[in-house]
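Chain A is the first sequence line, chain B the second, and so forth, proteins listed ahead of strands; every chain is numbered from 1. Excluded from the calculations below are hydrogen atoms, water molecules and symmetry mates; all remaining heavy atoms, backbone and side chain alike, are included.
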Protein chains: 2
Amino acid sequence: MTEPADPAQIHGAIDTVEGVLALFRAGGGRVTSSRRLLLHALFDEPRDRTAEEIAAEIQTNSPDVNLSTIYRNLDELERLGVVVHSHLAHGPATYHLAALAHGHLVCESCGTTIEAPPDLFSGLSRSAQSRYGFQIHPYHFAVVGRCQLCHKQSHRNNIPH
Amino acid sequence: MTEPADPAQIHGAIDTVEGVLALFRAGGGRVTSSRRLLLHALFDEPRDRTAEEIAAEIQTNSPDVNLSTIYRNLDELERLGVVVHSHLAHGPATYHLAALAHGHLVCESCGTTIEAPPDLFSGLSRSAQSRYGFQIHPYHFAVVGRCQLCHKQSHRNNIPH
DNA sequence: TTTCCTGCAAATAATTTGCAGAACT
DNA sequence: AGTTCTGCAAATTATTTGCAGGAAA
């Protein structure tokens with residue numbers, strides 16, 4: 001289970017728990033209860049969560065599932081194209097289903113996160129492509145800045161930048 | 001030395017070692033040899049470097065300057081508006097003079113970093129502003145993606161995304 | 001001579017890894 | 001039976017912090 005896999009070529013849908021489990025099996029992997037639990041957690045609550053938050057939820061019912069198992073399986077799911085993770089400002093990464101990928105605008109003053117639809121990045125995407133041949137993945141790292149409220153406040157108090 | 005400072009209001013230029021040292025003094029801080037050494041390192045070699053790289057350079061001549069002092073003074077310089085730091089893909093943050101701030105496109109396959117001029121982000125900047133009132137700082141986190149070469153290779157080998 | 005700054009060691013946070021046993025197929 | 005997975009503890013990486021002594025003003 002370490003070769004890159006192309007989901008499109010392997011029988012098994014990426015949008016249901018059983019479909020993803022089939023993907024694991026198809027790649028020589030095994031269907032285990034921690035994998036099933038993790039997938040249920042991801043599909044049941046599709047918002048961005050840290051590995052720790054996902055682990056905590058699973059552990060309320062299944063306390064023996066270890067955080068390192070969560071990390072290992074999230075990595076595996078990312079390789080399979082089922083989940084993606086994002087780095088918001090400082091602090092831990094957040095994970096969510098790849099189908100729900102979106103950009104993030106994070107205020108560096110108050111920490112508020114705005115979830116941005118993919119089209120917000122289409123201009124940047126085109127410029128990076130045409131100028132550098134670079135294909136951006138606007139979901140992986142947050143775009144940091146100041147939200148409206150904090151921007152106004154910093155002006156009022158003469159705080160630079 | 002913990003209140004926010006507005007460089008525009010304090011006498012002392014931000015673009016020379018002595019000017020910045022004057023800024024420290026003006027804020028009630030002290031001019032120390034580690035601060036002078038750090039500023040020389042930053043002005044002499046204005047490319048992006050990690051705290052560790054900067055420390056290593058300083059330590060070739062002054063082995064007693066500690067890494068934690070470098071971190072503390074880089075933070076202080078950032079508060080003064082003299083340096084900024086960026087998070088490239090994974091790994092440590094890099095620091096450079098604020099006057100030379102620029103965006104980064106980092107290839108997640110090969111790690112290559114493209115330094116992007118501010119105008120690459122002007123479209124995104126406008127959209128984020130008009131849609132959300134959000135003022136982006138495109139320098140703090142890298143924009144991740146695939147460079148031209150890796151993008152082609154991944155297509156050739158059918159590696160997803 | 002008082003406050004600030006520094007070196008050193010230890011703490012922290014997030015994640016990764018080694019290993020021996022347990023669980024899939 | 002033979003791999004693959006898992007739990008647990010320990011390692012790692014990047015950075016921060018506490019503290020007591022040393023240096024600037």
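- Residue-level contact check: A:T50 touches neither bases nor backbone, having no heavy atom under 4.0 Å from any strand.
- At least one side-chain nitrogen or oxygen of A:R25 sits closer than 4.0 Å to the OP1 or OP2 atom of C:dT25.
- Between the CG atom of B:L38 and the C1' atom of C:dT6 there is a distance of 14 Å, rounded to whole Å.
- Using a distance-only test at 3.5 Å, with no hydrogens or angles considered, no donor-acceptor pair links the side chain of B:H85 to the main chain of B:V83.
- We find that B:E57 and B:R49 are joined by a salt bridge, their nearest charged nitrogen and carboxylate oxygen being less than 4.0 Å apart.
- Using a 4.0 Å heavy-atom cutoff across all strands shown, B:A51 reaches no nucleic acid atom at all.
- Per the geometry, CD1 belonging to B:I70 stands 8 Å off P belonging to C:dG7, to the nearest Å.
- Side chain to side chain, A:H137 and B:E108 meet the donor-acceptor criterion of an N or O pair below 3.5 Å.
- The side chain of B:T69 lies closest to C:dT6 when the candidates are C:dT16, C:dT6, C:dA14.
- For A:T32 and C:dC24, the shortest distance from a side-chain N or O to OP1 or OP2 is not below 4.0 Å.
- Rounded to whole Å, atom C1' of D:dT6 lies 10 Å from atom CZ of A:R35.
- Residue B:V31 places its side chain closer to D:dA25 than to any other of D:dG7, D:dT15, D:dA25.
- Checked by distance alone, B:R72 brings no side-chain donor or acceptor within 3.5 Å of a matching partner on the base of C:dT6.
- By the 30° and 60° cut-offs, the orientation of the rings of A:F121 relative to A:Y139 is perpendicular.
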